[in-house]
Amino acid sequence: MSKVELSVELAGVKLKNPIVVASGTFGFGREYGQFYDLSELGGICAKGLTLHRREGNPPPRIAETPMGILNSVGLQNPGVDAFIAEELPELRKHDLAVIANISGNTPEEYGIMCEKLSAAGVDMIEVNISCPNVKAGGLAYGTKPELAAEVTKVAKEHATVPVMVKLSPNVTDITEIARAVADAGADALSLINTLRGMRIDVNTRRPILKMNTGGLSGPAVLPVAVRMVWEVASAVNLPILGMGGVAKGEDAAQLMLAGASAVAVGTACFADPYAPIKVRDELAEIACVQGHGKVSDLTGGVRPW
Amino acid sequence: MSKVELSVELAGVKLKNPIVVASGTFGFGREYGQFYDLSELGGICAKGLTLHRREGNPPPRIAETPMGILNSVGLQNPGVDAFIAEELPELRKHDLAVIANISGNTPEEYGIMCEKLSAAGVDMIEVNISCPNVKAGGLAYGTKPELAAEVTKVAKEHATVPVMVKLSPNVTDITEIARAVADAGADALSLINTLRGMRIDVNTRRPILKMNTGGLSGPAVLPVAVRMVWEVASAVNLPILGMGGVAKGEDAAQLMLAGASAVAVGTACFADPYAPIKVRDELAEIACVQGHGKVSDLTGGVRPW
Amino acid sequence: MPIEQRCTIVEMTPLNDSTWWMTLEVGKMVEEQGLRAGQFLHVACGEGNLLRRPISVACVLADEPENTAALIFEVKGEGTRWLAGRKVGEQVNVLGPLGNGFSVEERGRYLLVGGGIGVPPLLGYAEAYHKNAVAVLGFRSADRVILAERFRECCKEVYLCTDDGSLGRHGFVDAQVRDILEKEKDFTAILACGPKPMLKSVAKVAAEYGVPCQVSMEERMACGVGACLGCAIQMADGTMKHVCKDGPVFDAREVEWNV
Amino acid sequence: MPIEQRCTIVEMTPLNDSTWWMTLEVGKMVEEQGLRAGQFLHVACGEGNLLRRPISVACVLADEPENTAALIFEVKGEGTRWLAGRKVGEQVNVLGPLGNGFSVEERGRYLLVGGGIGVPPLLGYAEAYHKNAVAVLGFRSADRVILAERFRECCKEVYLCTDDGSLGRHGFVDAQVRDILEKEKDFTAILACGPKPMLKSVAKVAAEYGVPCQVSMEERMACGVGACLGCAIQMADGTMKHVCKDGPVFDAREVEWNV
Ligand SMILES: Cc1cc2nc3c(=O)[nH]c(=O)nc-3n(C[C@H](O)[C@H](O)[C@H](O)COP(=O)(O)OP(=O)(O)OC[C@H]3O[C@@H](n4cnc5c(N)ncnc54)[C@H](O)[C@@H]3O)c2cc1C
Ligand SMILES: Cc1cc2nc3c(=O)[nH]c(=O)nc-3n(C[C@H](O)[C@H](O)[C@H](O)COP(=O)(O)OP(=O)(O)OC[C@H]3O[C@@H](n4cnc5c(N)ncnc54)[C@H](O)[C@@H]3O)c2cc1C
Ligand SMILES: Cc1cc2nc3c(=O)[nH]c(=O)nc-3n(C[C@H](O)[C@H](O)[C@H](O)COP(=O)(O)O)c2cc1C
Ligand SMILES: Cc1cc2nc3c(=O)[nH]c(=O)nc-3n(C[C@H](O)[C@H](O)[C@H](O)COP(=O)(O)O)c2cc1C
Ligand code: FES
Ligand code: FES
C-alpha cells in the first residue's frame with residue numbers, strides 16, 4: 001500500500017512494523033495464526049508465563065462492559081519450560097519478534113524465568129508486575145515503587161535480552177513507578193495493563209466474574225492509556241510499548257504521538273481477528289497522508305498546549 | 001408503574017427516589033428543567049462551586065472517547081454567593097434534595113463555603129476533593145489521605161448539614177482515602193469522580209482538550225465505579241452516593257447492589273435529557289420484578305463469590 | 001479452520017415470542033470447512049456490543065438452500081436483541097466453524113436430550129439419524145416449546161417435558177431419561193444440550209445406567225477461538241478445558257460437575 | 001424551549017462527494033417553538049457515538065413539505081458518517097431548537113459571508129431577504145462548492161471565492177468583503193459563518209468599515225443546552241460564553257479573537 005517505512009526499534013529489538021499483539025489476548029499465536037501468517041505482525045507478547053504450570057482462575061472469567069471487557073483469566077499457562085519446549089519453536093517459524101511475558105510470586109521466580117527465557121533465545125522479556133488477577137504478589141509489585149524496582153533489578157541481573165517492565169494503571173501516579181523501574185535498569189516500559197473493574201448480574205446479585213473483580217480492557221480504556229503513555233514518556237527516557245483499547249490506526253497513532261515506539265493490540269482481536277493487520281495498515285496510511293517517511297516519526301510527536 | 005417504595009435515605013437526608021443528577025452535568029437545573037419538572041428527581045448535585053466566581057478552563061473542553069467523554073470544564077461557576085442568591089431559590093421551587101458541590105484552594109475556603117451553604121439551607125454539601133481539572137489543590141486533596149482528612153474535618157466543623165465527600169478514582173487504593181475521610185467525620189461518600197484521560201487529534205498532533213488532559217466519564221467507566229463502590233462499601237460504614245457511567249436502570253442497580261444508597265446520573269444526560277427519569281423507572285422495574293417492596297433493599301445486596 | 005465471513009440472512013422466522021430461526025448463507029464454511037450441527041458460529045452483534053455471541057449451528061443444508069446453516073437463538077440481552085432485529089437480505093459477520101460438535105458414528109443409536117434453547121443444536125443429529133434417534137425435549141412451559149414438530153418428523157420417538165406440566169410430562173428431562181434407560185439401555189450415547197443443572201442430572205443418570213453421555217456446555221466467551229482462555233470450564237482431573245476450542249461438547253465423565 | 005423528537009427523514013441528497021442535504025420533518029419545533037435558520041439541532045448519531053452532533057438549520061419550511069427543516073452537513077468523522085448513511089423514511093433523534101440564530105430586522109440589508117460548511121446556515125437568510133441580500137461564498141476549490149445556484153436564485157448578488165482559484169475569485173472571502181465594503185458600506189450587518197480564522201478576518205474588515213458583524217461560532221459540545229459548560233468560548237471582556245446557549249451567533253466585537 002503506502003511507501004512509509006514501517007520498521008521501528010524497541011530497546012534495540014527491531015520490529016518490522018510497530019504492531020505487536022498484547023499478552024494474554026493472542027495465546028502463543030497458534031489460534032490467530034490460522035487466519036493469517038504471523039509474520040505480518042511486528043511482534044507478539046506471548047501469554048503470561050509463570051515458573052510452573054497454572055490452571056488459572058475458576059470461570060466465569062469474562063464479562064462484557066460498555067466498549068470494554070473484564071477478564072479474570074488469572075495467568076493460566078503451561079509454565080515457562082513448556083513454553084520453551086513447545087511454543088517458542090513454533091513461533092520461530094515466523095518472522096516476528098517474540099516477547100515472553102512473565103509473572104512471578106517472588107523476585108527469585110522472575111530471575112529464574114529470565115535466565116531460562118534468555119537462554120532459549122526470546123527477543124525480549126516483558127515483566128508483568130501488574131496483573132490484577134493473581135492473589136500472590138501480582139498487583140502489589142506494580143503499585144509499590146520499591147517492589148517494582150526490586151523485581152526489575154532481579155530480572156535485569158538474570159536476563160541477557162532486553163527487559164521491558166509492564167506497568168499497572170491502577171495507581172495514583174504512574175510516573176513514580178516508571179521512574180523507579182527506569183532507575184532499576186529496565187530497558188523499556190509497556191503500558192497499560194488492565195484497570196480493575198466489576199460487573200454484577202442484577203438478577204442473581206452475583207458478580208459475573210467468579211473472582212468478583214477483573215481487569216478492564218478494550219476501547220473504553222484508550223483515553224486512560226493515552227494519558228498514561230504521555231505522562232510516562234514525559235517522565236522517563238525509555239522506549240515505550242503502548243497499549244490499551246487500540247482498535248483502529250488512529251488509536252495506535254494517538255499512543256505513538258503520546259510517546260510510544262510501538263503499539264500492542266489486544267482485546268480488539270476478539271471482535272476481529274484481523275484487527276492487528278488493519279491497525280497496522282491504517283497507521284501506515286495516517287503516516288503516509290501526513291507525509292512522513294517513517295511511522296517512527298510519530299513517536300512523541302504530540303504538541304501539548 | 002410499579003408499586004415499589006422508591007424513597008431512600010442518604011446520611012439522614014430523605015430522597016423521594018434514589019436518582020440524583022451528578023455535579024457539573026446538570027448545571028443548576030435550569031436547562032433540563034425545560035424538559036421535565038425537577039421534582040421528578042431524588043436530588044441534584046449542583047454544579048461545583050468555588051468561593052469566588054471562576055471562568056473555568058480555556059476551550060476546547062470536551063472530547064469524545066469510546067463510550068465516554070473527556071471534560072476539562074474546570075469549575076466554571078458564579079461563586080457560592082451568587083448560587084445562594086440566584087440559583088438556590090429557583091431550585092427550592094421544586095421538590096428535590098439540593099446538594100451543593102464545593103471545591104476550595106485551601107481547607108479554609110471549604111470551611112467558609114460550608115458555613116454559607118449551611119446557613120442558606122442546602123440539604124447536603126458534597127465536598128469535591130477530586131476534581132482533576134484544576135491546578136491549585138483539587139486533585140492533590142483527593143489522592144493524599146491526610147489532606148483528604150483535613151479538608152473533611154474543616155468542612156464538618158463549619159457545616160450544619162450533612163457532609164458528603166466525593167472521592168477520586170485516580171488512586172492506588174480508594175479504601176485508604178475512604179477510611180481517612182470516614183475517620184475525619186464525613187457523613188457520606190460519593191464516588192466516582194472522573195478518571196484522568198487524554199485524546200490526541202492525530203492530524204493536528206494536538207491534544208483535543210486545551211488543558212491536554214481531562215476527566216473521563218460515561219458508560220466506559222461504569223465497571224470501575226462498580227468495583228470502587230463495592231470496595232469502599234466493604235471498607236467503611238458510611239452511606240454512598242454511587243456514580244460513574246450510569247445510563248440504564250441496570251447500571252444503577254449494579255451500583256446499589258455494590259453498596260450505594262443512591263445513584264447519580266451524569267454524562268448520560270447529554271445524550272438523553274430524560275436519562276435520569278428512565279434510569280429511575282427502570283430501576284423501580286428491576287426492584288419490582290425481583291419482588292422487593294423497596295428499592296433500598298438493593299443496597300449492598302451483592303453476594304460476592 | 002475457522003474463517004471470518006459476512007453471511008447473508010436468507011430466513012428469519014420467530015419460533016415463539018423470543019426465539020428466532022435464522023438461516024445464513026455460510027458458503028465456504030460448509031463446502032471447505034465442513035461446518036456441522038453442534039459446532040457454533042461467533043456472531044458479531046452490532047457496533048454497541050464489543051464481543052461476538054456464540055450461537056450453535058442447529059442444522060446445515062448443503063443444498064436447498066445451498067450451503068446454509070440454521071442458527072436458533074433466544075433473545076436474552078442486548079446482543080441477541082440486536083440479532084433479532086436483523087432482516088432477510090441483511091448480512092451478519094460471523095467467525096466459524098468453531099468448536100467440535102457431537103462425536104457420532106454412522107450407525108449409532110442416539111438418545112437426544114435437550115432443554116430449552118439447548119434443543120436446537122440436536123436438530124441436525126435428529127435429522128441425520130432419520131427415524132432412529134429418540135429425543136427428550138424439556139421446556140419451561142407449553143408456550144416456550146420450539147421445534148417439537150420437526151423432531152417428531154425425524155425421530156423415532158419424541159418425549160416432551162415441561163417444568164410446569166402445561167404440556168407433555170410434568171417435570172425435568174432427567175426423570176424421563178431415567179424411565180427410558182430403565183426400559184432399554186441400548187443407546188450408543190446420550191447427546192445432551194441445555195442448562196448446566198440439567199446436564200449434570202442427565203450425566204448422573206447416564207453414569208448410573210452406564211450409557212456414554214456427551215454434553216454441550218456453555219461459558220462466557222471473548223475470542224471464541226482458544227486464544228484468550230476466557231471460556232474455561234473445570235475438568236474432573238483438576239485441569240481447565242476451553243468451551244470454544246476443546247468443546248462445546250465434552251464427555252460428561254470428564255467434566256467437574258461440583259462447582 | 002427545546003424538545004426531544006424523533007424526526008422522519010424526507011429528503012437525503014448529496015451536494016458533493018462528502019456533503020449531504022437532509023430534510024427532516026420537525027413538526028412541533030416549527031409550529032410551537034419557532035425553529036429558524038441559524039439555530040441548530042443536536043442530532044443523535046447512532047449507538048456507537050455517545051454524544052449528539054450539532055448541525056445548523058439551513059432553512060425551515062412551514063409548508064411544502066410541511067414543517068420541515070434542512071440540515072446540510074459534511075462527513076468529518078464517525079458521527080457524520082453514520083448520519084450520511086441514513087435513508088429517506090428512517091428517523092433520527094434530535095434535540096431542538098437550540099441556540100439563537102442571527103438577529104435580523106425585517107427591512108434589513110445583509111451581507112452574507114459563508115465559508116465551506118459555514119455556507120448552509122445563511123441559506124435561510126438569503127431566502128428570507130429575497131433579492132435584497134448580497135452573498136460572498138468561499139470554498140476550498142470548485143469541487144467543494146455547494147448551494148451556489150440556490151443563493152443566486154434569491155440573492156441580489158453572489159460572489160464566489162475559492163482558495164485555489166479553481167472557480168470564482170482566487171483567495172479568501174475577506175478580500176472580497178473588503179472590496180464590497182469599499183464600494184458601499186450601507187449594510188444593516190454582515191452575517192458570517194465559517195471556520196474561525198475566516199470569521200476573524202471578516203470581523204476585522206467589518207470593524208474597519210464600521211459595519212456591524214454577527215458571527216456563528218463552533219465549539220465542541222456535550223449537552224447542547226447549556227448544562228455542562230462544555231462549549232465555552234472566550235469573550236473580549238475575559239468572561240466565557242457558551243456556543244449552545246448564548247450562541248452560536250455572537251456579535252463579532254464581543255468575541256476574543258486572539259486565542
Ligand atoms: C457454545 C455456545 C453455544 C450457544 N448456542 C446458543 C444457541 O444456539 N442459541 C441461543 O439462543 N444461545 C446460545 N448460546 C448462548 C448465547 O451465546 C447467549 O445467550 C448470548 O451470548 C447472550 O448474549 P446477549 O447479548 O443477548 O446477552 P447479554 O447478557 O447482554 O450478554 C453479555 C455477555 O455475556 C455473554 N453471555 C450471556 N449469556 C451467556 C450464555 N448463556 N452463554 C455464553 N455467554 C453468555 C454474552 O455472550 C456477552 O458476552 C450458546 C452459548 C455457547 C457458549
Ligand atoms: C453550532 C454548530 C453548528 C454546526 N453546524 C454544522 C452544519 O450545519 N453542518 C456541518 O457539516 N457541520 C456543522 N457543525 C460541525 C459539526 O458539528 C461537526 O462537523 C460534527 O460534530 C463532527 O462530528 P463527527 O462525528 O463527524 O466527527 P468526529 O471528529 O468523529 O467527532 C468527535 C467529537 O468532536 C466533535 N466535533 C468534531 N468537529 C467539530 C466541530 N467542527 N464543531 C463542533 N464539534 C466538533 C463532535 O461533535 C464529536 O463530539 C456545527 C457545529 C456547531 C458547534
Ligand atoms: C483475556 C486477557 C488476558 C490477559 N493476560 C495478560 C497476561 O497474561 N499478561 C499481561 O501482562 N497482560 C495480560 N493482559 C493485558 C493485556 O496484555 C493488555 O495490557 C490489556 O488488555 C490492554 O490492552 P487492550 O485494551 O488492547 O486489550 C490480558 C488481557 C486480556 C483481555
Ligand atoms: C462536564 C462535566 C463536569 C463536571 N463537573 C463536576 C464538578 O463541578 N464537581 C464534581 O464533583 N464533579 C464534576 N463532574 C463529575 C461528575 O459529577 C461525575 O462524578 C462523573 O461524571 C461520573 O459520572 P457520569 O459517568 O455519570 O458522568 C463533572 C463531570 C462532567 C462530565
Ligand atoms: S473464548 Fe477465548 S479461549 Fe475460548
Ligand atoms: S454543550 Fe453543554 S453547555 Fe454548551
Side-chain angles (χ1 to χ4, degrees), chain A residues 58 63 65-70 143-144 168-173 195-207 209-214 216 218-231 245 247 249-251 253-258 286 289-290 298 301-305, chain B residues 58 63 65-70 143-144 168-173 195-207 209-214 216 218-231 245 247 249-251 253-258 286 289-290 298 301-305:
Chain A
T65 69
M67 280 300 117
I69 71 166
L70 293 169
T143 57
K144 301 241 160 62
S168 166
N170 300 292
V171 294
T172 307
D173 180 2
L195 271 167
R196 229 147 64 71
M198 183 180 200
R199 181 171 169 186
I200 298 171
D201 180 328
V202 301
N203 295 316
T204 63
R205 298 186 159 209
R206 288 284 194 190
L209 300 177
K210 195 66 168 269
M211 297 299 285
N212 295 320
T213 64
L216 181 65
V221 309
L222 175 68
V224 176
V226 174
R227 185 261 293 183
M228 289 190 162
V229 166
W230 182 62
E231 286 181 337
E250 191 202 320
D251 307 338
Q254 281 195 64
L255 287 172
M256 292 188 72
L257 288 168
I286 288 171
V289 167
Q290 298 193 358
L298 291 169
V302 67
R303 298 185 302 139
W305 295 104
Chain B
T65 69
M67 280 298 118
I69 70 168
L70 294 167
T143 57
K144 302 243 160 65
S168 168
N170 300 292
V171 294
T172 307
D173 181 1
L195 271 167
R196 228 144 66 71
M198 184 178 200
R199 182 170 169 187
I200 298 172
D201 181 329
V202 301
N203 295 315
T204 63
R205 298 185 161 209
R206 289 282 195 190
L209 300 178
K210 195 67 166 270
M211 298 299 287
N212 296 320
T213 65
L216 181 65
V221 309
L222 176 68
V224 176
V226 174
R227 185 260 293 182
M228 289 189 163
V229 166
W230 182 62
E231 286 180 337
E250 191 201 320
D251 306 338
Q254 281 195 63
L255 287 172
M256 291 188 73
L257 289 167
I286 287 171
V289 167
Q290 297 193 359
L298 290 169
V302 67
R303 297 185 304 138
W305 296 102

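Quick note on labels: first sequence line is chain A, next is B, and so on, each numbered from 1. It should be emphasised that the depicted structure is a prediction, and the values quoted were computed from it without experimental measurement.
Separation of atoms CZ (B/R227) and CD1 (A/I200) is listed at 13.0 Å; rounding is to 0.5 Å. Taken from CD in A/E231 to CG in B/N212, the straight-line distance is 11.0 Å, to the nearest 0.5 Å. To the nearest 0.5 angstrom, B/Q290 atom CD is 9.0 Å from A/T204 atom OG1.
Heavy-atom distances place no part of A/A225 under 4.5 Å from chain B, backbone and side chain included. Looking at B/Q254, both its backbone and its side chain come within 4.5 Å of chain A, counting heavy atoms on both sides. B/N203 touches chain A through backbone and side chain together, each having a heavy atom under 4.5 Å away. Of the two parts of B/A247, neither the backbone nor the side chain holds a non-hydrogen atom closer than 4.5 Å to a non-hydrogen atom of chain A.
Listed by chain and residue number, A/I192, A/L195, A/L216 satisfy the side chain to side chain contact (heavy atoms under 4.5 Å, CB included) test with A/V221 (two or more places apart in sequence, or in another chain). Applying the side chain to side chain contact (heavy atoms under 4.5 Å, CB included) test to A/L209 and every residue at least two apart in sequence or in another chain returns A/A63, A/L70, A/S72.
With A/T172 as the partner, the side chain to side chain contact (heavy atoms under 4.5 Å, CB included) test is satisfied by one option alone out of B/N170, B/V171, B/D173: B/V171.
With hydrogens and angles disregarded, a donor-acceptor distance shorter than 3.5 Å links the side chain of A/R206 to the backbone of B/P304.
Heavy-atom minimum distance, A/M198 versus B/W230: CE-CD2, 3.5 Å.
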message = Could you walk me through whether B/L257 and A/V202 satisfy the side-chain contact (heavy atoms from CB on, under 4.5 Å) test, starting with their C-alpha distance in whole Å, then the side-chain angles of each, then the deciding distance to 0.1 Å, before giving a yes or no?
response = CA-CA 8 Å; B/L257 289 167; A/V202 301; 4.0 Å; yes

